[in-house]
Amino acid sequence: KSRVVHQLPDERSFHIFYQLMKGVTDPTLRQELRLPDDITAFRYLSKSGCTDIPGVDDAANFAEVLRGLSDIGMDYGNDIKPLLATLSGILWLGNLTIKGNATDDSSSVVGDDALANAAALLRVQEQQLAHAITHKKITAGAETIIKTLTPSEATD
């Protein structure tokens with residue numbers, strides 16, 4: 001989780017995210033995956049300031065990943081495409097806006113395109129995703145407690 005959410009300056013997150021952004025060139029698939037044209041539109045990919053590595057062809061590497069997944073028996077429609085949707089959904093999670101509640105230390109997710117896109121790609125309801133981002137389930141023995149997260153905790 002930490003490498004997805006936090007990178008050092010000039011360090012990239014997982015290569016597959018950059019490969020996805022540069023390797024999906026079909027406009028219909030880009031639309032289905034809700035991929036913006038600009039890689040810096042995703043906070044998880046742009047905040048370190050490093051979106052390219054000299055000498056690395058992310059698009060070619062993405063094509064190689066797709067071939068490898070196919071070679072191990074993954075079906076494009078049933079396995080690979082849902083995997084790509086999950087990767088895109090993770091990127092949209094990084095664009096969520098978390099706001100604090102003025103009366104306590106709780107947080108909530110702003111209902112915007114990032115929430116709608118992440119929920120659709122991850123195949124969950126927006127309200128369920130927003131709740132999962134802002135709450136933590138703690139189980140101790142037979143007791144389960146739902147704790148509301150602070151904005152800092154929810155974004156980490």
Side-chain angles (χ1 to χ4, degrees), residues 1-99 107-139 146 149 151-156:
K1 168 184 141 184
S2 64
R3 188 167 171 199
V4 172
V5 178
H6 304 287
Q7 301 89 39
L8 296 173
D10 296 323
E11 178 183 65
R12 296 203 318 175
S13 182
F14 290 100
H15 296 293
I16 191 63
F17 294 126
Y18 304 90
Q19 293 167 359
L20 175 74
M21 285 297 295
K22 294 185 180 174
V24 176
T25 56
D26 175 59
T28 302
L29 182 57
R30 286 193 76 81
Q31 185 175 14
E32 287 176 27
L33 297 176
R34 301 170 187 230
L35 295 174
D37 292 332
D38 184 3
I39 197 168
T40 63
F42 285 125
R43 287 186 212 145
Y44 283 167
L45 302 184
S46 64
K47 66 180 167 183
S48 75
C50 180
T51 57
D52 291 300
I53 298 175
V56 173
D57 185 342
D58 287 315
N61 290 342
F62 183 71
E64 191 174 323
V65 167
L66 292 181
R67 277 191 303 277
L69 293 173
S70 180
D71 287 349
I72 63 169
M74 292 183 76
D75 177 73
Y76 183 78
N78 292 321
D79 302 315
I80 297 172
K81 198 169 175 185
L83 175 63
L84 300 180
T86 300
L87 292 170
S88 182
I90 290 168
L91 291 174
W92 280 108
L93 289 176
N95 285 20
L96 292 177
T97 301
I98 312 291
K99 66 178 182 175
S107 59
S108 62
V109 177
V110 174
D112 59 10
D113 286 346
L115 178 61
N117 289 333
L121 290 159
L122 298 173
R123 296 182 171 201
V124 296
Q125 297 295 317
E126 289 182 33
Q127 299 82 0
Q128 292 171 322
L129 180 58
H131 186 269
I133 295 291
T134 58
H135 294 78
K136 178 179 183 177
K137 184 187 287 190
I138 303 167
T139 304
I146 305 294
L149 300 176
S152 176
E153 292 169 328
T155 57
D156 193 23

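Between the side chain of R43 and the backbone N or O of L96, at least one donor-acceptor pair lies under 3.5 Å. At distances below 3.5 Å, at least one donor-acceptor pair connects side-chain atoms of T155 with backbone N or O atoms of S152. At least one donor-acceptor pair closer than 3.5 Å links the side chain of Y18 to the backbone N or O of S13. Of the possible donor and acceptor atoms, none in the side chain of S70 sits under 3.5 Å from a partner among the backbone N and O of L66. Between the R12 side chain and the L45 main chain, no donor and acceptor come within less than 3.5 Å of each other. Not one N or O on the side chain of S88 forms a donor-acceptor pair closer than 3.5 Å with the backbone of L84.
For K136, there are no side-chain hydrogen bond (donor to acceptor under 3.5 Å, both in side chains) partners two or more places apart in sequence or in a different chain. With sequence neighbours left out, N95 forms a side-chain hydrogen bond (donor to acceptor under 3.5 Å, both in side chains) with no residue at all. For E32, the salt bridge (charged side-chain N to carboxylate O under 4.0 Å, His left out) partners are K81, not counting sequence neighbours. Partners of D38 according to the side-chain hydrogen bond (donor to acceptor under 3.5 Å, both in side chains) rule, which considers only residues two or more places apart in sequence or in another chain, are T40. By the side chain to side chain contact (heavy atoms under 4.5 Å, CB included) test, Q125 pairs with Q127, Q128, sequence neighbours left out.
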Side-chain donor-acceptor distances from residues 108-122 under 3.5 Å, at least two apart:
residue : atom : partner : partner atom : Å
D112    : OD1  : A114    : N            : 3.1
D112    : OD1  : L115    : N            : 3.2
N117    : OD1  : R34     : NH1          : 2.8
N117    : ND2  : D113    : O            : 3.2

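Between L29 and L33, some side-chain heavy-atom pair lies under the 4.5 Å cut-off. At a threshold of 4.5 Å between non-hydrogen side-chain atoms, the residues Q19 and V24 do not count as touching. Side-chain contact check for L91 versus L87: every heavy-atom pair is 4.5 Å or farther apart.
Between F14 and F17, the ring planes lie perpendicular to each other; the angle is over 60°, past the 30° to 60° tilted range.
Residue L149 comes nearest to S107 through the heavy atom pair O-OG, 2.7 Å, listed as atom of the first residue, atom of the second, then distance. Here the shortest heavy-atom pairing between I16 and F62 reads CD1-CD1, 4.3 Å. For the pair P82 and G77, the tightest heavy-atom approach, listed with the atom from each and the gap, is CD-O, 3.5 Å. The shortest heavy-atom contact between R30 and M21 is NH1-O, 2.9 Å. For A154 against I133, the heavy-atom pair with the smallest separation is CB-O, 3.5 Å.
Taking CG of N61 as the reference point, atom CG of L20 lies at 13.0 Å (rounded to 0.5 Å).
Among residues at least two apart or in separate chains, ring pair (Phe, Tyr, Trp, His ring centres under 6.0 Å) pairs with a member in residues 70-97 are F42-W92. Sorted pairs that involve residues 61-77 and meet salt bridge (Lys or Arg N to Asp or Glu O under 4.0 Å), not counting sequence neighbours, are lacking altogether.
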